[in-house]
Each structure stands twice: as C-alpha cells, then as structure tokens.
Number of protein chains: 2
Amino acid sequence: MVTIGDIAKAAGVSRSTASYALSGKRAISDGVRRRVRELALELGYTPNAGAKALATSQTMVVGLLAQFFSDEFAPAMLQYMLGVSDTARALGYDTLLVTETDGAHALTRITGSRMVDGVVLLNVAQDDERVPILRSAPQPGALVGMPGDCSGVDVFDLDFEAAGRLMVEHMHAHGHRELILVSQPEHVVERGGAYVWRLQNAALREARERGIEIHAVFGASRQPEVRQDLHGLLDAHPAATGLLLNNEAAAAALPSVLTARGLRVPEDLSVIGRYSDEFARTFSLPFSSIESAPDRLGEQAVRQLVRRIESPQAREEPPVLRLLAPEFADRGSTGRPPLRP
Amino acid sequence: MVTIGDIAKAAGVSRSTASYALSGKRAISDGVRRRVRELALELGYTPNAGAKALATSQTMVVGLLAQFFSDEFAPAMLQYMLGVSDTARALGYDTLLVTETDGAHALTRITGSRMVDGVVLLNVAQDDERVPILRSAPQPGALVGMPGDCSGVDVFDLDFEAAGRLMVEHMHAHGHRELILVSQPEHVVERGGAYVWRLQNAALREARERGIEIHAVFGASRQPEVRQDLHGLLDAHPAATGLLLNNEAAAAALPSVLTARGLRVPEDLSVIGRYSDEFARTFSLPFSSIESAPDRLGEQAVRQLVRRIESPQAREEPPVLRLLAPEFADRGSTGRPPLRP
DNA sequence: CTGAAAGCGCTTACAG
DNA sequence: CTGAAAGCGCTTACAG
C-alpha cells in the first residue's frame with residue numbers, strides 16, 4: 001500500500017509538506033505542489049480512510065438505518081434509500097446501510113464506534129426506540145418520518161394531514177358524498193406508524209365539515225389478502241363513489257380488483273392514492289395520487305444532516321421539522337360520481 | 001469520548017492489559033478481566049472503528065455496489081441488497097452501500113482508501129468495467145452475475161442456461177409446440193446483460209431439439225410500453241400456446257393484459273416466468289416461475305467473500321464459479337395447450 | 001515556504 | 001500474568 005510517506009520520499013519533501021500539497025491547506029511552492037500531486041497520481045495514492053478518520057474525527061460516511069417489516073410493502077422503501085445514498089454521495093459522503101432488525105442496537109454500534117458522521121433514520125415510528133439513542137449520540141441525526149417527540153433531531157415528512165384534507169376536498173369538489181379510505185394495516189399503526197392516523201383523522205374532520213361520509217378501514221399490506229379486503233369493502237359500501245388509498249399494496253392490487261368487478265375509473269368510481277410517481281410507473285397505476293416524494297424527503301434529510309455535520313454554527317441551530325406540502329399528481333382518476341338509479 | 005485509556009486508568013491497569021482483557025487474546029487474571037469488562041460496560045466504551053481499522057487493517061465492512069439503470073426494473077434489486085446486507089451483518093460485517101452511476105470510480109475509491117475488507121458487485125455485465133478494477137484491488141471480491149472473464153473473482157449466478165432448458169422442457173411435457181419468449185429489453189443486452197443470451201440461446205437449442213417453435217423477442221422494461229409489447233406479441237402469434245418471460249416488468253404487466261384479452265391461465269395460455277417468490281407475492285403474480293433466488297445468491301456471495309477475508313488459505317484458493325440450479329415454483333400456470341378448431 | 005514532532009485510539013510483538 | 005513501547009497512516013499546531 002502506498003502511503004503519504006512514500007509520496008513524500010519520492011518527492012524529496014517531508015510528510016507534512018506532502019500532506020499540505022495535497023490538501024491545499026497551506027501555501028506550498030508551485031514546483032513542490034505539482035511534483036507531489038503528479039507523484040500521488042502516478043503511484044496511485046489514496047489516503048487511508050481509517051487513518052484520516054482517526055486524525056480528523058471525520059469519516060465522510062453517513063449511516064442509513066432502514067427497517068423492513070414483513071407486513072410492510074418493501075418496494076416503496078428503495079426510493080427513500082436511493083434518495084439518501086445519491087444525495088450523500090453528491091455531497092462527498094458514502095453511505096453505511098444498516099438493515100438490522102434491531103435498529104436501536106445497530107445505531108448504538110455505529111455511532112459509538114464513530115463509523116459515521118451522522119445518521120438518517122427511515123421509517124420512523126411514533127415511539128421509536130432509535131430516536132432517544134440518536135438524540136444522545138455525539139453525531140447529528142435526521143429522520144424521515146415523524147416521531148412523537150421531535151426534540152433534538154431534524155424531522156422530514158410528508159404533511160399527511162394536509163394530504164388527508166386534500167384528498168377529501170378534491171373528492172368533494174367533484175361532488176362525491178360517500179367515500180372509502182383504506183389505510184395501512186393495523187399492525188403498522190400499532191407499531192407506531194402515526195402518519196396513518198394523521199392522514200385519517202384529518203380526512204375524517206374535513207369530511208365532517210363538508211358533510212361527507214367516510215368509511216375508514218385498515219387494509220392488508222400483502223397480496224392476496226388486500227385484494228379480498230378491497231372486494232369486501234366495495235361490497236359493503238355500494239353507495240360509496242370515491243376510494244382513497246393510504247396503502248401502497250392496496251393501490252397495486254386495485255386494477256385487477258376493478259377489472260374483476262367490471263368497474264371503470266372514473267366513470268364508476270373515483271380513486272386517489274398516496275404514493276410516489278416512480279411507484280405509479282412501476283406498478284402501472286392509472287390513479288391520481290398525492291405524491292409521497294421519497295426521493296425528495298431523503299435528499300432533504302441528508303442535506304440538512306450534512307449542514308449540521310460540516311458547520312459548527314448549524315449544529316447549534318434548533319431542530320427543524322419540515323413537512324412537505326402534498327402535491328396532487330393528476331392521472332385522471334377522479335370525476336363526477338355516477339348517477340344512481 | 002471514552003477510550004481504552006480511560007478504561008485502563010479506571011481499572012488501574014495498562015492499556016495493553018485492558019485491550020487483552022477485552023479481546024481475550026491472551027491470558028488475563030480473572031479479577032482484572034472482570035473489572036475491565038465491567039468498567040467498559042459501565043462507561044459505555046465502544047472501540048473507535050477508525051483506530052481499530054488502522055491498527056488491524058480490518059474494517060469489518062464490506063462494500064456493496066449496486067447499479068440502477070433507468071431502463072431496468074428496480075424492485076428486483078432490493079432483494080439482492082437485503083440478501084447481502086443481512087448476511088454480512090450476521091457474519092459481523094457492516095455494509096457500505098454504493099449506488100453511484102460511475103461504479104468503476106466508486107470501486108477505486110472504496111478499495112483504494114481501505115474503507116472495506118471486500119466487495120460484492122451486483123448486476124454484473126458481460127464486459128463490466130468494475131471487474132478488472134476489483135481483480136487488481138487488494139481486497140477479495142464476489143460477483144452476483146456472470147462477467148465474460150471470471151478470473152480472479154468469485155462468481156455467483158443463476159444457471160440461466162439450465163433455466164432456459166427447464167422452461168422449454170416443461171412446456172414440451174405439457175404438449176406445447178409453439179412458444180413466445182419475452183426477454184429483457186435490448187438495452188440490457190447491449191449493456192452486457194449476458195444472462196439474457198444465456199437463457200435465450202439455451203431455450204432455442206432445447207426447442208430445436210424437441211421440434212418446438214419459439215418466437216424470441218425483447219420486451220420493454222417499463223410500463224406501459226411492455227404492456228403494448230405483450231399485446232403485440234399475442235396478436236402476432238395467435239398459434240402460440242405458451243409464454244416464457246425472462247423479464248420482470250413483463251411478468252408484472254401480464255395479468256392486466258390477460259384480463260383485457262379475456263385469456264385464462266392455463267386454459268388458454270400457459271405461462272412460466274423467471275423471478276423470485278418474493279416478487280411474485282409483491283406483484284400478486286399467479287404464474288409458475290423459475291426462482292431467481294436473489295436472497296440466496298446475495299448470501300452465498302457474502303459467505304464466500306467473508307471466507308476469503310478471514311482466512312489466508314481461503315484467499316489462495318482458485319476462484320469459484322457457482323451457478324445455482326434453477327428451481328421450478330409451481331403456481332399452476334401451465335397445462336395442456338387448448339384444442340384449436 | 002518547509003520540517004520535525006505530537007497525537008488521534010487502537011493492537012501486538014517484546015520483555016519481564 | 002502484566003507493562004512499556006512501537007506502530008498503523010494520517011493531520012496539524014509549533015518552530016523556524
């Protein structure tokens with residue numbers, strides 16, 4: 001392995017001079033700088049990351065804690081991960097991916113050992129046991145998803161309340177007066193997926209104010225159960241003219257359910273989902289949706305994290321809570337309710 | 001930050017004694033060992049990863065290079081990643097995730113700087129520019145996917161030739177004599193996705209030997225194009241009674257195409273895909289398939305990688321090329337061809 | 001503009 | 001069974 005000592009020797013200078021010539025952190029004569037840089041290139045010198053981290057207390061790595069629950073719909077997760085990893089790289093950081101089930105334990109390990117300069121938590125629950133650990137860790141942390149207690153960490157999430165209102169408003173504007181709202185499975189809520197409540201409660205309130213009836217239910221997160229759920233719901237509420245989906249698996253399953261029942265969208269049923277554009281394309285979903293913007297949320301979380309990492313002032317700023325305003329991606333799946341005989 | 005020096009001081013022993021008491025690498029009196037370990041726990045001591053890496057030349061991190069092309073179907077990728085990351089953790093390693101477009105550059109960086117003890121390459125192409133870099137890197141490497149030149153690295157992949165034969169044999173056994181094979185898009189092949197050829201060529205040869213006609217074509221990898229492709233194919237070859245899919249996007253789109261055409265499986269059309277069981281569940285696909293086993297391939301790659309990392313003898317062994325025998329997951333989508341009028 | 005030296009936090013031969 | 005010391009490969013005050 002070629003070290004900075006080798007470069008220094010070859011260039012006939014001291015190691016400190018070689019180091020400075022490479023980093024540019026102090027004035028070095030033109031000739032020396034050029035010679036050192038050439039030699040570094042020529043000998044294929046790459047600084048040893050461990051040594052650098054030890055000397056500078058900076059690893060240039062961010063931790064990414066993802067959690068995959070068997071009762072959750074995994075494909076949606078990938079986009080958050082890529083949002084984080086791509087942004088981190090663009091800012092000069094590598095990404096340590098942690099998929100351990102015991103996220104709290106893993107977090108203790110990677111922060112305690114100083115493997116990372118900061119951490120992004122994905123899929124944060126209401127009462128997430130990782131959050132207090134992150135809060136008392138020496139590195140800054142950013143969350144995607146909102147915990148009950150947001151103190152001491154930066155939080156980024158979709159504004160689910162606004163999303164719930166928007167869905168109802170939109171349906172109301174088209175003249176719908178009876179809706180079905182399919183949320184994530186009850187397990188997700190019990191585990192602390194508060195966003196389910198946030199959307200649902202806001203939708204219910206908005207509906208009440210507008211004189212709309214909503215049947216709010218949990219749906220399964222896997223096939224084929226969720227398909228049965230959808231059939232059951234449509235059977236149980238034949239007068240409902242609009243369907244709101246805060247459940248990716250339900251959205252993915254809906255086209256085949258509609259076909260099986262011979263229902264056209266929006267002529268027979270209006271539909272609004274909550275998922276990303278990428279998700280819509282992958283699953284070929286023709287339904288308008290509230291964009292969940294996983295890539296943007298991942299990106300924002302990393303940008304803020306890196307600000308805190310790199311600037312001592314930024315580190316002292318009070319924590320931010322940024323809720324992304326929902327955007328309506330119109331795919332033409334909402335219209336006037338059908339005339340009932 | 002609490003260091004081993006703090007532990008040593010608190011325990012009233014030298015740093016080396018503290019280190020040995022913790023690592024167990026040499027005999028330490030019972031009392032001292034207990035005292036040191038208790039103090040370490042009490043003070044919340046976690047060894048500094050950078051310092052440890054510098055001293056031992058071991059980072060306990062493996063690199064995972066994933067590539068996401070816009071014309072490829074991303075959800076299939078996640079399972080490989082989880083297979084790698086979960087197995088690595090089980091063996092005591094963390095995972096550095098690299099999603100950079102310029103994989104060759106990224107590989108040079110993480111191996112040159114000694115951030116990782118070994119590397120797993122995903123989505124390897126026929127003439128993958130990352131492979132020669134990995135070959136001459138000081139760390140061992142394992143590939144998921146087969147390059148043209150397998151020397152110097154361990155290679156794990158599905159046996160796509162056997163898969164192609166198996167698909168045809170199975171259809172033949174049911175009495176089919178005219179098939180359609182939908183492969184990945186031409187871009188994938190051009191970029192060097194040799195597995196497309198491996199499966200297709202084997203299928204064609206097997207078909208020739210058995211007197212079966214195959215229409216082999218490339219399909220799009222995105223919605224809604226792939227849907228049009230499927231319609232076009234079924235229109236163009238009305239006498240074909242079996243459909244083979246080496247294209248995840250096509251498999252995901254097929255149910256809606258079948259419904260639209262009023263085709264039942266297997267009464268009107270027999271279908272065999274090539275994808276994972278997890279994929280089948282996520283997309284609710286009722287088609288029998290050759291299991292692509294992403295989790296198992298990721299796991300095998302990491303296990304072999306860690307063997308090489310940890311054992312000097314293992315590192316000297318000749319490279320392995322392990323092709324996973326295809327397994328047929330029967331979901332009842334193949335049967336006798338329909339009687340034609 | 002440059003060099004000698006200390007230090008980051010570990011591990012591990014070397015000595016006793 | 002234990003300690004003092006060297007060394008891993010960097011960076012960065014300190015001196016000149």
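Convention: sequence-line order gives letters A, B, ...; per-chain numbering from 1.
Per the geometry, CG belonging to Leu54(A) stands 4 Å off C1' belonging to dC8(C), to the nearest Å. Remark: C1' of dC8(C) and CE of Met1(B) are 10 Å apart, rounded to the nearest angstrom.
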Can you give the dot-bracket line for DNA chain C, where a pair is Watson-Crick or G-U wobble with both atom distances under 3.5 Å, crossing pairs use [ ], and | marks a partner on another strand? |||.||||||||.|||

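At least one side-chain nitrogen or oxygen of Lys25(A) sits closer than 4.0 Å to the OP1 or OP2 atom of dT12(D).
Looking at Asp94(A) and Arg109(B), a side-chain N of the basic residue comes within less than 4.0 Å of a carboxylate O on the acidic one, giving a salt bridge. Checked for salt-bridge contact, Arg307(A) and Glu317(A) meet the test: a charged N lies under 4.0 Å from a carboxylate O.
Checked against side-chain contact (heavy atoms from CB on, under 4.5 Å), Ala90(B) has no partners two or more places apart in sequence or in another chain.
Of the candidates dG9(D), dT11(C), dT11(D), the closest approach to any side-chain atom of Asn48(A) belongs to dG9(D).
Annotation for Asp127(A): atom CG does not count as buried by contact number, only 12 or fewer foreign heavy atoms lying within 6.0 Å. Heavy atoms of other residues, nucleotides or ligands lying less than 6.0 angstrom from CD of Gln58(B) number more than 12. In Glu310(B), the CD atom is crowded: over 12 heavy atoms of neighbouring residues, nucleotides or ligands sit closer than 6.0 Å.
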Listed pairs, N/O of protein and of nucleotides 1-5 of chain D, under 3.5 Å:
unit_1 : atom_1 : unit_2   : atom_2 : d
dT2(D) : OP1    : Ser29(B) : OG     : 2.8
dT2(D) : OP2    : Ser29(B) : N      : 2.8
dT2(D) : OP2    : Ser29(B) : OG     : 3.3
dT2(D) : O4     : Arg26(B) : NH1    : 3.0
dG3(D) : OP2    : Ser14(B) : N      : 3.0
dG3(D) : OP2    : Ser14(B) : OG     : 3.4
dG3(D) : OP2    : Thr17(B) : OG1    : 2.7
dG3(D) : N7     : Ser16(B) : OG     : 3.3
dG3(D) : N7     : Arg26(B) : NH2    : 3.0
dG3(D) : O6     : Arg26(B) : NH1    : 2.7
dG3(D) : O6     : Arg26(B) : NH2    : 3.0
dA4(D) : N6     : Ser16(B) : OG     : 3.0

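Counting non-hydrogen atoms under 4.0 angstrom, Thr56(A) reaches the backbone sugars and phosphates but no base.
Between Gln300(B) and Arg303(B), the side chains place no donor N or O within less than 3.5 Å of an acceptor N or O (distance only, hydrogens not considered).
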